[in-house]
There are 2 protein chains.
Amino acid sequence: MEGRAARSVKKPAARHIPEATVARLPVYVRTLLGLADEKTSTISSERLAELAGVNAAQVRKDLSYLGSYGTRGVGYDVEYLLFQMSRELGLTHDWPVIIAGVGNLGRALANYGGFGERGFPVAALVDADPKKVGKAIGGIEIRHVDDLPDIVAEHHAAIGIIATPAAAAQDVADRMVAAGVSSILNFAPAIVTVPDGMSLRKVDLAVELQILSFYQQRRTEPDADRTVASAGGEG
Amino acid sequence: MEGRAARSVKKPAARHIPEATVARLPVYVRTLLGLADEKTSTISSERLAELAGVNAAQVRKDLSYLGSYGTRGVGYDVEYLLFQMSRELGLTHDWPVIIAGVGNLGRALANYGGFGERGFPVAALVDADPKKVGKAIGGIEIRHVDDLPDIVAEHHAAIGIIATPAAAAQDVADRMVAAGVSSILNFAPAIVTVPDGMSLRKVDLAVELQILSFYQQRRTEPDADRTVASAGGEG
DNA sequence: CGGACTTTGTGAACGCAGGCACGAGCGGGG
DNA sequence: CCCCGCTCGTGCCTGCGTTCACAAAGTCCG
């Protein structure tokens, strides 16, 4: 119930946090980082909600899952909240990632320095094409996908990014799992399955565009009872 | 209630389709395209569910929102279902898209030919940097962001993709809206708001990685009552 | 020192989404 | 022609997520 007063660093018993809340935490973190930059020391749930694009009650409920870190009548201490959330999200140390597939997307991800800055350095690039192996992109050497077990062990990498063509996605995922990766972010337009207990998320650009197309279609169409609704951006 | 028997092309009164269903339709379409390629003419909800990575009852419920296009005791006609879903999603014609921001990501998106093939040709690239204007990427000329209204009008583009730095995202979104774009896909790590009635979706790589980091953290941590749960891939 | 004001934390209600289970309807075989 | 088996379509139930509304708790000022 305190922990803030005593500035306790202990984690409050790892309660269960709803997935929807977990998905919003990174947004709060980013917002808070911006506030910290401009020397804001305290923030109310209402203002944070506005900046993060959600409901104020939602913010309070989300933050309450982490613990009672607010002060009634005042708000939340930006730095302290940031610290707690970073710890909860595991952002207190780096998470090296392995990118599989050096195509257009893989190259862009490798060149994009933003990951490293945000705590997700690219540990290695892998590809199945022997002709690409040995070259480097963004200062990172491309290695063969067969080396995955070694790479994972070398870098203690637990997160894999699949940026291969759809046909290779499941195979690469299986290899990653076998090599010890336990979190996968899949960009390939294919359904990938992983064993229980692992994390899998997907980002599918074509799907996103087609969802937009659906609502666009309904708006444009001179049809019947079209119920215009905002295509809720992210659940 | 029939429409399949008579091969009717009329749309069944545009009932309301839940957003969760809309998000799965593109996956079904992709799966069906694969089936059509290998000359499968009929598919059961169970098999389609397996291929799409969802529950069979879910498939049937989803498809029932479109109409009663199945045949009891048999399944769904692949071609016909594909036709209906494509029409519903608005994939019967192209949707030109405008990409704003020619950085790493913008370049990758422009170079990636997959969009054009899937019905989302890149109509134009825009950037605020005069030095980039006039150059071309992937065969598409870069124009200045001030030209947005003209570009939208020329190409009848209704979909915009934001691939700018976070700081510019809201401004670009506002310009797009003013120019007549009514669907936006935001890749910038920033909260963007648009007027009611418009569609906005976001894809945030840092957020995705941080969500993975959260669950990874909980798995790795030698802490208390960690409840290992799969980080549900996409809602 | 006390009272008014502010903001959190959370109980309760509501709505959406997912999954089971079963009736309805269609095709095929005898 | 009838019966059997298969698969769709959907009513119902359950669980999750969101929002409202309010009591609890702290601050500030006179």
Would you kindly give the CD-to-P distance between Gln58(A) and dA21(D), to the nearest whole Å?
16 Å
Between Gly73(A) and Ser64(A), name the one whose nearest nucleotide on DNA chain C is closer to the 5' end.
Gly73(A)
Phosphate OP1/OP2 of dT8(C) contacted by Ser45(A) side-chain N/O (<4.0 Å):
yes
Quick one: are the ring centres of Tyr69(A) and Tyr80(A) less than 6.0 Å apart?
yes
Determine: side-chain N/O of Asn55(B) to OP1/OP2 of dC20(C), distance under 4.0 Å, yes or no.
yes
Side-chain contact check for Ala57(B): nearest option of dC20(C), dC8(D), dT18(D) is dC20(C)
Looking only at the side chains, is there a donor atom on one of Gln216(B) and Ser182(A) sitting less than 3.5 Å from an acceptor on the other?
yes
Nearest to the Ala20(B) side chain among dG9(C), dG18(C), dT19(D), which nucleotide is it?
dG18(C)
Report the distance from atom CZ of Arg47(B) to atom C1' of dC6(D), rounded to the nearest whole Å.
17 Å
At under 4.0 Å, does any side-chain N or O of Ser44(B) touch on OP1 or OP2 of dT7(D)?
no
How many whole angstroms separate atom NE2 of His16(B) from atom C1' of dG15(C)?
12 Å
Roughly, in whole Å, what's the span from CZ in Arg72(A) to C1' in dC22(D)?
11 Å
How many whole angstroms separate atom CZ of Arg60(B) from atom P of dG23(C)?
15 Å
Given atom CD of Glu46(B) and atom C1' of dG9(D), what is their separation to the nearest angstrom?
15 Å
Got a list of side-chain donor-acceptor pairs under 3.5 Å for residues 32-53 of chain B, not counting sequence neighbours?
unit_1	atom_1	unit_2	atom_2	d
Ser44(B)	OG	Arg47(B)	N	3.2
Ser45(B)	OG	Arg60(B)	NH1	3.0

Record whether the side chain of Lys61(A) comes under 3.5 Å of the base of dT18(D) through a donor-acceptor pair of N or O atoms.
no
Integer-rounded Å distance: dG9(C) P and Leu66(A) CG:
10 Å
Is Tyr69(B) near enough to dT7(D) that one of its side-chain N or O atoms lies under 4.0 angstrom from OP1 or OP2?
no
Please name the pair of heavy atoms, one in Gly90(B) and one in Trp95(B), separated by the smallest distance, quoted to 0.1 Å.
O-NE1, 2.6 Å
Do you see a donor-acceptor pair shorter than 3.5 Å between the side chains of Arg201(B) and Ser183(B)?
no
Report yes if at least one side-chain N or O of Tyr76(B) is closer than 4.0 Å to OP1 or OP2 of dG9(D); otherwise report no.
yes
Consider the side chain of Val74(B), meaning its heavy atoms from C-beta on, and name the nucleotide among dC8(D), dG27(C), dT19(D) that approaches it most closely.
dG27(C)
Length of the CD-C1' vector between Glu19(B) and dT18(D), whole Å:
14 Å
